Novice: 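Structure below; questions to follow.
When reading the values below, keep in mind they use all heavy atoms of this one structure, side chains included, and skip hydrogens, waters and symmetry mates. Quick caveat: nothing in here was measured; it's all calculated off a predicted structure.
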Amino acid sequence: MAAVGAVSRALAELHARLAVVDDGAVADYIPQLALADPAAFGLALVSMDGHRYTAGDALAPLTIQSVSKPFVYALALAELGLDAVTAHVGAEPSGEGFNAISLEPGTGRPANPMINAGAIVTTSLIPAADPAARFERILACLSAFAGRRLDVDEAVYASESRTGDRNRALAYLMRGAGSLAVDVEEAVDVYFRQCAVRVTAADLAVMAATLAGGGVNPVTGEPVVPELTAERVLAVMATSGMYDAAGDWLLRVGLPAKGGVSGGLIACSPARFGIAAYSPPLDAVGNPVRGVLALRELSERYALHLMHHPGAAPATVTRDVHGDGVALVIAQGPLEFTTTERLLSVLAEAVAPLPAAGGVVLDLDRVTRVDPPSAAMVREELTVLRRRGLTVAAVGEAGASVLDDPDHVFGTRKRAVAWCEQQVSAAEPPEERRRTGAAEPPEQPHW
Ligand code: GLN
C-alpha cells in the first residue's frame, strides 16, 4: 500500500533539499559503476505495517553491492548458527576500509562480515552442492527479503569479475591462511554475482524493514529469517556496517546501517521501519554522501537513535479487588521486561492483603504479545503464589502461556472471577477467612 501524509512530505522535503548536494565521487574501480548518474537520488521507507513511502528515484535500478552483506550473513547465521559462523568470520569492527586486509593473525579469520574479506568467507559458507546452487540460494534469500524475485545485472557482474583483483588477492590470502574453505575463483565468482543483484531503493527499504521487523517481511508477511538472527545481524551492522566510519555513525545516527559502492544505503530502526537511500556519489570512506546526510537528519528529527530514552512506558497494568478474597490484575499491550516487572510488582501488591486461601485472577486478554523470558517470569511467580495456597486463574490466550494448568485458564474475566470466588469460598468459609488474616506480605527489597 502506498502511503501519503507527514512521512511522505518529510521524505519529499529532505529529498528536495539534499538533491543539490554535489559532494563525493561515483565509484569507478568497477568500470560499469562509473556509468551511474551522479544526480540519481531516491529515498524509501517501509513501516512495520508494510506502508511504503518514497521520494525521487526510489524505483531506479542499482546493483546491491555491499548492502547484500548483512542479508547473506543472515542466511549463514540462519543455516549454520552463530558459533559455526563466528568460527570463520569474526564480529569485531575493523576500523578500516571495506576492502582492507583485516585478518586475524594466526587464523586468517576476517574481522567481520561487513567488509569484503568477511563477506567473501560468509558467502562461501552457505551450504550448497555447487557454486551455482549456492548463488541460487543467495538470490532466493535476497528476493525473500525484498518480497519479489530479483535478478542479476550481468554487465556489472562481468565488469567486476574482470577487474576484481583486489578481492581475488584477499581470497588468496585467506585461502593461504586456511580461513577460506573453497576454491578462490569459485568463492569470488559467487560473491561478485551476489554484489551484482539488481534492486531499487524501494526494494532495499523492504529488505531493511524485514531486518528491523524481526526477520518477517512486513509487505509479504513471510518469515525470512528467525527473529534472533535478525537481531544479531542488526548488532553487527551497528558496529561494523559503516566501515571505518562506524563509530561516528553510531554516535551521530545511532541506527544499524549498511552502505555500498553503487550508492545504496540502508538503515534499520528496530520494530519501527527500514529506510533506504540511493545516490551514487560516495564520501572518502565509500559511503553515499546524500544517503548519509538523509539518515543523519531523519534520525535526529524523529529521535531514532538506538540509545535514545523512549520515555516512561505507558501504564499497562491495573488492579482491583473482587468480592471477598479475590484480587484481579489486568495487563494490556506487549509483555516484555519493563511491563512484566511492573505486572509482577502490581501482582505482589494485589495479593498482599489476601487471606491465606485467597484467589487471584490475572487477566491477560488484552496482552498482545508475551516474549518467552517474560512468560517464564510470570509463570514462576504464579507457581510461587499457588504454592502459598492461593487459587490462581488466568484469562485469554496470553494467560494460557503463563499458567501450566489449562483448567485454570478462562475465556472471559467474568468466568475466571466466578470460578476463583467459588474455589476460595469452598476452601474457607467467610467467617474462617476473617480470622486467618492477611497472607504473607511480599518480599521487600532491602534498599
Ligand atoms: N562488489 C564490491 C567490492 O567487493 C562491493 C564493495 C562495496 O559495496 N563496498 O568491491
Novice: Would you indicate whether the side-chain heavy atoms of Val216 and Glu222 approach each other to under 4.5 Å?
Specialist: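 Contact flag for Glu222/Val216 side chains = no.
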Novice: Checking the side chain of Thr86 only, and the main-chain atoms of Asp83 only, is there a donor and an acceptor separated by less than 3.5 Å?
Specialist: yes
Novice: What I'd like to find out is whether the side chain of Gln65 reaches to under 4.5 Å of the side chain of Ile30, using heavy atoms alone.
Specialist: yes
Novice: Between Glu227 and Arg369, is there a side-chain N and carboxylate O pair less than 4.0 Å apart?
Specialist: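 Arg369 and Glu227: salt-bridged.
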Novice: Within this structure, what is the CG-CZ distance for the pair Asp203 and Arg198, rounded to the nearest 0.5 Å?
Specialist: 11.5 Å
Novice: Could you tell me whether Glu104 atom CD has more than 12 heavy atoms of other residues or ligands within 6.0 Å of it?
Specialist: yes
Novice: Under 4.5 Å between any side-chain heavy atoms of Leu77 and Val233, yes or no?
Specialist: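 Counting from C-beta outward, Leu77 and Val233 do come under 4.5 Å.
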Novice: Counting heavy atoms not belonging to Phe337, are there more than 12 under 6.0 Å from its CZ?
Specialist: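 Atom CZ in Phe337 is not crowded, with 12 or fewer foreign heavy atoms closer than 6.0 Å.
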Novice: Taking His305 for the side chain and Glu300 for the main chain, is one N or O donor matched with an acceptor at less than 3.5 Å?
Specialist: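 Between the backbone of Glu300 and the side chain of His305 there is no qualifying donor-acceptor contact (under 3.5 Å).
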Novice: Output all residues satisfying ring-ring contact (aromatic ring centres under 6.0 Å, His included) with Tyr191, sequence neighbours left out; order by chain, then residue number.
Specialist: none
Novice: Ion pair present between Arg149 and Glu136, side-chain N to carboxylate O less than 4.0 angstrom?
Specialist: yes
Novice: Any non-hydrogen side-chain atom of Pro270 less than 4.5 Å from a side-chain atom of Leu306?
Specialist: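 Yes - at least one pair of side-chain heavy atoms lies under 4.5 Å apart.
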Novice: Can you find a pair of side-chain heavy atoms, one from Tyr73 and one from Met114, that are under 4.5 Å apart?
Specialist: yes
Novice: Check Arg134 with Asp130, please: is the shortest side-chain N to carboxylate O separation under 4.0 Å?
Specialist: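 Salt bridge between Asp130 and Arg134, a charged N being under 4.0 Å from a carboxylate O: no.
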Novice: May I ask you to test the Val46-Pro218 pair for a side-chain heavy-atom distance under 4.5 Å?
Specialist: yes
